[in-house]
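A, B, ... follow the sequence lines: proteins, then strands. Residue 1 opens every chain. Computed from heavy atoms alone, side chains included, the values below leave out hydrogens, waters and symmetry copies.
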Amino acid sequence: MESLTDASLKALSLLVSGDAELWAIISISFGVSLQAILYTTPVALLTAYALAHFDFPGRRTLVSLFHTLLAVPAVVVGLTLYLILSRSGPFGDLKLLFTQTAMVLGQMALSFPILVAMGHSALQSADQRVWETAHTLGATPLRAMFTVMHEVRYGLFAAVIAAFGRIIAEVGCSMMVGGNILNYTRNITTAIALETSKGQFAQGIALGIVLLVLALVLNYSLSTLRHRLAMQA
Amino acid sequence: MKPPLFLFRHVTKRFGDRVLLNIDEFAVSEGVCTLISGDNGAGKTTLLKIVSGLVKPDSAKVQVKDVEMSWAKARAKIQRSVVYLHQEPYMLDTSVERNVAYGLRLHKEPRASIYEKVAEALRWARLDHLAHRNARSLSGGEKQRVALTRARIVNPSVLALDEPTTNMDQQSRISTYQLIDELRNEGMAILVASHDQTGFTPIADHHFQLLSGKLIEVEPAFKRSRGTNITRLPG
Ligand SMILES: Nc1ncnc2c1ncn2[C@@H]1O[C@H](COP(=O)(O)OP(=O)(O)OP(=O)(O)O)[C@@H](O)[C@H]1O
Ligand SMILES: [Mg+2]
């Protein structure tokens, strides 16, 4: 077993030398998570808007349901998806298990409740007068919705960043439905989890650094947005 | 005489146990300026919002061109005709220019012509020097002027103004009275809810006081002909 210093130095050299395997893993992580966010955001924000704007029976129950779903562990989402996609499952014929598509689906399921819950609080904080102003000046309900979303855009960006932060760092779901196949479904977190156990510390540390830097960037953006939000209020 | 654009009948609105509005009849007519006064909490804002299609009354009938229908049925039509101006206007989080352009940009109109109109309207409101400032950062009176400009630029059939002059300085008030007089003479229906009676009584064709949920016509202090001479205004 190599020493920690040796492994760290090797990790840095892997990162800066542009090690092909390492960067493939990183690009799979970003590719999958960005796709998941891209597909989920529009639907989730529409749902959040509906929950914030329309009064219908069961609305409050739905809102607390989404808040509850926030606490569901990634492995449980993974397990559920695994059962659905496995050969004998209802969607087994699609042969999606252990593909990137399955990982995207899992991360979509993970990001949806965060986007809805955080998007809902942002939209709910919007002044009633925004909608009234838009409407009275002739906006269609759809245009009025975009105007309201634009007014609370920092809160909505914050929701997207938080959701992205969760799914790029999750390991349970990707492991179960992705299968950690090199150059295909091996992403940052599954690589750290499995390769480390084989003694590949350098790669694990390098990937850990990437995640740390990412967390730093995301949190910095979040605090900037929070600052903007506070200024706006 | 032309029939009213909208004739509201039996308008009622309750909040909890309190009957806020119980109005038998209220007409909105072309080229007529109606002033509504009343104490704080009398229901002026609520009435204007009902008349603008923004707040749902508990019950109300609306007669549109001799056809009577429920408020809910008339709502879309009302909303297309009436622009409501908030007592404390909301400024969209963007430039003054874009705030004013908002209504025009909703319609298919070339950008160049939109911004020409916006520039002209801003000059009129003496806001041209603020065109590129974020509207959120303006003073109360400036916001009201932006909101008035933003509302009139879409040229609605009915303009419902909720306390349009409260934060305005003298010069802005006078140009607001002038504008309202002009728009009314061009045929726009104007509704004003205001405590500023000295300012609005001279230009208003009707003056109602909202008292215990009812509209009571206030006798005009002096009979006057159309086309008020604004320069004679008191204050
Ligand atoms: N959504 C609401 N829920 C409960 N009560 C309300 C609501 N909207 C208005 N009210 C009440 O109705 C009353 C009339 O309000 P409104 O804003 O219409 O008064 P106003 O005549 O415009 O007063 P002001 O001169 O202060 O502008 C107030 O007592 C207010 O508290
Ligand atoms: Mg009011």
Full working for side chain to side chain contact (heavy atoms under 4.5 Å, CB included) between H86(B) and T133(A): CA-CA 8 Å; H86(B) 284 94; T133(A) 302; 3.5 Å; yes
Separation between CZ of R129(A) and CD of Q87(B), rounded to the nearest 0.5 Å: 10.0 Å
Shortest non-hydrogen contact between L92(B) and T147(A), atoms and distance: CD2-CG2, 3.8 Å
Atom pair CG (D127(A)) and CD (E88(B)), whose distance is rounded to the nearest 0.5 Å: 9.5 Å
Residue E109(B) excluded, over 12 heavy atoms near CD under 6.0 Å: yes
Within 6.0 Å of CZ in R14(B), more than 12 heavy atoms from elsewhere: no
Neighbour count above 12 (heavy atom, 6.0 Å) for F56(A) CZ: yes
Worked check of side chain to side chain contact (heavy atoms under 4.5 Å, CB included) between H150(A) and D93(B): CA-CA 8 Å; H150(A) 185 263; D93(B) 186 12; 5.5 Å; no
Contact class of V83(B) relative to chain A, heavy atoms under 4.5 angstrom: both
Shortest non-hydrogen contact between R136(B) and E151(A), atoms and distance: NH2-OE1, 3.1 Å
Atom CZ of F91(A): over 12 foreign heavy atoms under 6.0 Å: no
OH/Y184(A): more than 12 non-hydrogen atoms of other groups inside 6.0 Å: yes
Straight-line distance of L85(B) CG to L137(A) CG, nearest 0.5 Å: 9.0 Å
Expected output: side-chain Q79(B) to main-chain G138(A) donor-acceptor under 3.5 Å: no
Top of R80(B), H107(B), R150(B) for chain A proximity - count of heavy-atom pairs under 4.5 angstrom: R150(B)
Rounded distance (nearest 0.5 Å) linking atom CG of L106(B) with atom OG1 of T140(A): 7.5 Å
Whether over 12 other heavy atoms sit under 6.0 Å from E116(B) CD: no
Test item: side-chain donor near acceptor, Y90(B) and E132(A), under 3.5 Å: no
Part of P89(B) lying under 4.5 Å from any heavy atom of chain A: backbone
Heavy-atom proximity to chain A below 4.5 Å, by part of Y84(B): both
